[in-house]
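Numbers for residues simply follow the sequence, beginning at 1. Both counts, for ligands and for their atoms, begin at 1 and track the order of listing.
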Amino acid sequence: MVRTRIAPSPSGFLHIGTAKTALYNWLFARKNNGTFILRLEDTDAERTDEQYVHGMCEGFKWLGIDWDEGPPFGDVPEKGNYGPYRQSQRKELYQKMAYQLLEQGKAYKCFCSKESLESYKDETGNLYYPGFCRNLTPDQIIEKGNAPYVIRFRVPEGETIVNDLIQGTVYFKNSQYDDFIILRANGDPVFHLAVVVDDITMKITHVIRGDDHLTNTPRHIMLFNALGASLPHYAHHPLVHDEQGRKFSKRLHGANVLDWRDDGYLPEAIVNYVALLGWTSEEENREFFTLPDLIEHFSIERINKSAARFDRKKLEWLNGLHIRNLPVENLRERLLPILEKHGFNTSVKTKDWLSKLAQICQEKLPTLNRVVFLADFLFKDFDIYETEAEAKLWKSPETIIIYFKNIQDKLSTVSTWQHDLLKTVFENACTELNIKLGALVNPTRLALTGKSIGPGFFELMELLGKEKTIERLSRAIEYLQNKGGITRE
Ligand code: GLU
């Protein structure tokens with residue numbers, strides 16, 4: 001039975017890289033009818049903040065990465081039989097394991113102060129404990145009385161082999177690891193102990209995580225061995241890089257998964273994009289995947305070894321594809337909060353009207369937020385016209401006024417305000433004026449919307465309604481008369 005987990009430290013928002021790790025674990029579990037676990041690595045009380053816990057869980061939920069076991073969140077109580085799922089609530093267990101290793105001689109008490117060890121470093125400049133307390137005799141330990149101590153793991157000689165499902169077989173000399181601390185003087189566990197104890201007791205079968213943890217893995221394997229537990233399978237995937245090829249900094253907009261929600265991206269698109277940041281399908285060149293597609297096609301074997309670069313343009317393109325893939329009613333429901341947020345009162349519109357709005361925008365939305373640009377004129381009047389469009393489309397105000405009056409007259413007699421019929425009315429006017437359809441439609445679009453681009457013209461006019469259309473034409477005529485210096489009739 002496959003059991004995977006995501007084990008974030010809630011010391012920040014849900015980072016795009018953590019989302020990727022979560023997604024791979026989740027997909028692997030779902031594909032194999034396994035269990036996906038959320039575990040919070042919150043032992044560092046100073047860095048943990050409930051606001052981050054909330055933000056992370058919300059981020060996973062938004063992405064559709066649901067967990068089968070995990071801590072309580074909102075109204076949902078803790079789920080699963082291997083809890084608690086917050087490390088801060090599991091301290092006794094870590095202490096028990098640390099003391100078990102101590103009794104077995106696989107760990108030892110170290111009385112050295114932090115300050116006294118500051119000058120001991122390895123070749124790369126990292127602190128390296130030289131093992132001063134490694135061989136203290138029982139008498140020497142008794143002599144220390146109540147002096148504070150940490151518990152250090154006695155790193156065995158030899159080498160440790162990581163059989164990684166992505167990186168292949170990687171050899172590590174144990175001598176590159178010092179006798180690392182597993183339990184601090186205050187009784188708090190160190191990450192390495194906590195993660196291993198949790199992975200053992202939660203019966204994790206596959207550890208899929210960022211390759212920044214690869215060098216930690218030998219420590220973890222040594223601890224698994226010392227505790228007599230069998231190893232999970234390891235798979236270390238590459239980190240996400242930003243567009244400059246650097247580690248995706250927390251400070252960049254978009255590092256927080258929920259930034260994308262604010263920007264009008266669909267969770268479906270983020271999940272699709274994040275999956276592709278390091279994984280390719282067996283179907284060459286296929287890039288569009290829904291969550292069920294991903295579950296069907298995902299495999300650890302097809303995760304790349306090298307880091308993927310974030311590409312906003314590609315994400316935007318995928319987002320557009322996912323928007324077009326939505327049923328219209330579904331898109332409508334997602335657009336409503338955005339329109340409301342911008343002060344457009346959608347409650348005065350019918351569902352049918354709103355669905356039509358979603359439909360006419362669907363093809364033109366790279367993001368949901370773009371609906372504000374595409375549809376604002378349907379909710380509020382405006383008094384400026386796009387300057388460039390005005391110069392181009394209303395170059396000769398006198399002629400445009402003639403066009404507008406002609407079409408306005410015709411429109412005022414239309415009784416069924418429907419886009420196909422409206423098109424016929426425009427075609428008739430163009431025949432009469434001896435101009436092409438575009439020569440009338442484009443200037444009229446500017447009069448009705450204030451813009452030169454937007455949704456389908458006759459469809460938007462249907463939604464704008466007869467009264468507003470006639471009114472906006474009058475306003476444009478008046479504007480052009482003032483501009484052209486022509487006195488009103
Ligand atoms: N808290 C660790 C991290 O966020 C988890 C490491 C692991 O998955 O084992 O990187």
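The pair Arg3-Asp68 fails the salt-bridge criterion, with no side-chain N (NZ, NE, NH1 or NH2) lying under 4.0 Å from an Asp/Glu carboxylate O. Arg39 and Asp199 are joined by a salt bridge, as a carboxylate oxygen and a charged side-chain nitrogen come within less than 4.0 angstrom of each other.
Checked against the 6.0 Å centroid criterion, the rings of Trp279 and Phe289 qualify as a close aromatic pair.
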Run through all N or O atoms in ligand 1 and write down each protein N or O closer than 3.5 Å, as a pair with its distance.
unit_1, atom_1, unit_2, atom_2, d
ligand 1, 1 (N), Ala7, O, 2.8
ligand 1, 1 (N), Ser9, OG, 3.2
ligand 1, 1 (N), Glu41, OE1, 2.7
ligand 1, 8 (O), Arg5, NH1, 2.6
ligand 1, 9 (O), Arg5, NH1, 3.4
ligand 1, 9 (O), Arg5, NH2, 2.8
ligand 1, 9 (O), Arg209, NH1, 2.7
ligand 1, 10 (O), His213, NE2, 2.7

For residues 245-258, which side-chain N or O atoms pair as donor and acceptor with protein atoms under 3.5 Å away, sequence neighbours left out?
unit_1, atom_1, unit_2, atom_2, d
Ser249, OG, Arg251, N, 2.9
His253, NE2, Asp263, OD2, 2.8
Asn256, OD1, Leu258, N, 2.9

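A cation-pi contact, defined as under 6.0 Å to the ring centre and within 45° of the axis, is absent between Arg5 and Tyr82.
Pairing each heavy atom of Gly131 with each of Tyr108, the nearest pair is CA-OH, 4.0 Å.
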